[in-house]
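In what follows, chains are A, B, ... by sequence order, proteins preceding strands, each numbered from 1.
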Number of protein chains: 2
Amino acid sequence: MNPVERENDEAARAAGSRLVQDFGLLIKAATRLEQRIDMALRKECEVSHTMFEVLIRLCRRPDEEISQRRLADDLTLTSSGITRLIDRMEGAALVRRGPAPGDRRSVLVEATDHGRAVFLRAAAVHARVVERYFVAPVAGADYARLTRALGEIDKALRDT
Amino acid sequence: MNPVERENDEAARAAGSRLVQDFGLLIKAATRLEQRIDMALRKECEVSHTMFEVLIRLCRRPDEEISQRRLADDLTLTSSGITRLIDRMEGAALVRRGPAPGDRRSVLVEATDHGRAVFLRAAAVHARVVERYFVAPVAGADYARLTRALGEIDKALRDT
DNA sequence: AGAGAATCGTTGACTGCTCAGCAATTGATT
DNA sequence: AATCAATTGCTGAGCAGTCAACGATTCTCT
C-alpha cells in the first residue's frame, strides 16, 4: 500500500468511527427538531423559534428585569445579534425596550400584552411538537437520563 | 384577577414548564457543542464544521458516488445551499466536481488528495473535542442510552 | 478626584444560508 | 413517439446572524 492509499484507508476509518456517527446524530436530531419547531411557529403564530426563546425568558417572571446582555448570553448570540433581533421584535410589537434604572448603558426588554398573547398561543404549538418528536420517541425511563446527560454536557461547555 | 393578569399567570406557567426547559437544554447543548467544534476546526484546520460533514461523507467509502442532491439531503441543506458550499470547497481545493455517468443533471462530488489530508487532521481535532464535551460528561452507562434516544428522535423526524 | 480599563448597545460590512424562479435533463402517461 | 410532470443544479435577491469599530457609561485603582 502506497502512502496515499494508506491515507485514504485511515480517512475512511476515521469517517466511519462510532464517535463521528454518534455526534453527527446529536447535531442532526437537534437541527431537524429546531427546524420543525421553527416552521410550526412561523406558520401558526408568525414568530421564529429564536423570538419564542426570548419570549420564554420575558414571560417566566414578569417582574424580573432582563437586559439585552442577559438575553445574548442565554441564547448564545452576540450583542449585535440581539440588537437586531430585538429590533425586529419591537417592530412586531412583541416587546418593548426601556431604560435600566441604575445603569444607563443597559437596555431592559419586556414583553408587551400582545407579546404575551402570542407567546401563549406559541407555547401550545411548541408543546405539541415537542411532545410528538422529543418526548414520545424516547421511552419513559430514558427520558430522565437523556435530559440529565444533556445537562451534564451543557455544564461541561459552560465551565470552560 | 382580571383577564390580563390571568393571562400573565398562564404565560408564566407555560414558560416555566418542564418540557420547555428540557427542550431548551437539548437545543442549547447541541448549538454550543457545534460552535465549539466549528471554532476548533476553523482555527486548527481552516475548515468549517459543515465542510467537515461533507468530507466525512466523501471519505467514508471512496468508491461510492455521491451527488450534490445526496449531500443536501444528508446535511439538511437546500440544493442552493449545497451549490454554494461546494463552490467554496472547490475553491479551497478540498473537493472536485464531476459528471454523473447515467444522469446528466446530476453532479458528483469527490474529495481531492488535499481534501482527504485536511479531513484526517480535522478528524483528530473533532475527536478531541467530542471526547471532551460529549463523551466524558456523560456517565458510561448513559452514553448508549443517549445515542439510542437520539436515534429514535431522528427516526421520528424522518418518518414524517 | 481623575485616568484608564471594562462593559453595554449600536452600526457598517460581510457570510452563509433560504426562497423563488430558471434551464437542462429525465421519467411517466398515453 | 410526444407531451407533461418531476428532478437536478444554478442564480439573484433577501434574511439572520457574525465581526470589528465606535460612543456612552460605569468600574477600578491610585
Side-chain angles (χ1 to χ4, degrees), chain A residues 27-28 30-32 34-43 46-55 65-92 94-110, chain B residues 27-28 30-32 34-43 46-55 65-92 94-110:
Chain A
I27 300 296
K28 192 151 56 171
T31 305
R32 288 210 169 118
E34 196 186 355
Q35 284 175 351
R36 215 40 94 116
I37 296 267
D38 192 60
M39 285 218 299
L41 289 177
R42 289 188 125 93
K43 203 154 286 181
E46 276 139 13
V47 249
S48 67
H49 173 65
T50 316
M51 293 180 180
F52 180 72
E53 289 289 330
V54 169
L55 289 176
E65 297 190 339
I66 301 206
S67 66
Q68 291 194 180
R69 180 71 259 159
R70 177 86 195 295
L71 288 171
D73 290 341
D74 259 38
L75 306 204
T76 34
L77 289 185
T78 51
S79 60
S80 68
I82 275 291
T83 294
R84 291 167 151 107
L85 176 59
I86 299 299
D87 282 352
R88 292 189 310 265
M89 293 184 75
E90 209 174 23
L94 295 166
V95 124
R96 195 179 10 249
R97 276 192 248 237
D103 190 342
R104 279 184 299 177
R105 289 169 303 181
S106 191
V107 173
L108 257 36
V109 185
E110 59 179 357
Chain B
I27 301 296
K28 192 152 55 172
T31 304
R32 287 209 170 118
E34 196 186 355
Q35 284 175 353
R36 214 44 90 113
I37 296 268
D38 192 59
M39 287 218 299
L41 289 177
R42 289 188 125 92
K43 203 153 288 182
E46 278 140 12
V47 250
S48 68
H49 173 64
T50 316
M51 292 180 180
F52 180 71
E53 288 290 329
V54 169
L55 289 176
E65 298 190 340
I66 300 205
S67 67
Q68 291 195 181
R69 180 71 260 159
R70 177 88 195 295
L71 288 171
D73 290 341
D74 258 38
L75 306 204
T76 34
L77 290 184
T78 51
S79 62
S80 70
I82 275 291
T83 294
R84 293 172 214 279
L85 176 59
I86 299 300
D87 282 352
R88 293 191 306 269
M89 293 184 73
E90 208 175 23
L94 295 167
V95 124
R96 195 180 9 247
R97 277 192 246 236
D103 188 343
R104 279 184 299 177
R105 290 169 301 183
S106 191
V107 173
L108 257 37
V109 185
E110 60 178 357

Inset, instruction - Report yes if some heavy atom in the side chain of B:Q68 is under 4.5 Å from a heavy atom in the side chain of B:R97; otherwise report no. - result: yes
Inset, instruction - Please tell me if the side chains of B:M89 and B:L55 come closer than 4.5 Å, counting only heavy atoms from C-beta onward. - result: yes
Inset, instruction - Describe, as an angle rounded to 10 degrees, how the axis at the first end of the helix from C:dA1-D:dT30 to C:dT30-D:dA1 is tilted relative to the axis at the last end, five pairs per end. - result: 40°
Identify the heavy atoms of [X] and [Y] that sit nearest to each other, and give their distance.
| X | Y | value |
| --- | --- | --- |
| B:R32 | A:D73 | NH2-O, 3.8 Å |
| A:I27 | B:A30 | CD1-O, 3.8 Å |
| A:L94 | A:M51 | CD1-SD, 4.2 Å |
| B:A100 | B:L108 | CB-CD1, 3.5 Å |
| A:P99 | A:P101 | O-CD, 3.5 Å |

Legend entry - Qualifying residues under salt bridge (charged side-chain N to carboxylate O under 4.0 Å, His left out), relative to B:R36, sequence neighbours excluded: none
Inset, instruction - Give me the one residue out of B:V54, B:L71, B:V107 that meets side-chain contact (heavy atoms from CB on, under 4.5 Å) with B:I66. - result: B:L71
Legend entry - Sole residue of A:M39, A:R88, A:R42 in side-chain contact (heavy atoms from CB on, under 4.5 Å) with A:S48: A:R42
Legend entry - Residues from residues 67-75 of chain B lying under 4.0 Å of DNA chain C - heavy atoms: none
Legend entry - Over 12 foreign heavy atoms within 6.0 Å of CD, B:E46: no
Legend entry - Per-nucleotide protein contact string for nucleotides 17-26 of chain D (B base, S sugar-phosphate only, - none; heavy atom under 4.0 Å): SBB----BBS
Inset, instruction - Extract, from 5' to 3' on DNA chain C, the first and final nucleotides lying under 4.0 angstrom from some heavy atom of chain A. - result: C:dT7 to C:dA13
Could you list the donor-acceptor pairs under 3.5 angstrom formed by side chains in residues 75-86 of chain B, with sequence neighbours left out?
unit_1, atom_1, unit_2, atom_2, d
B:T78, OG1, B:G81, N, 3.3
B:T83, OG1, B:S79, O, 3.0

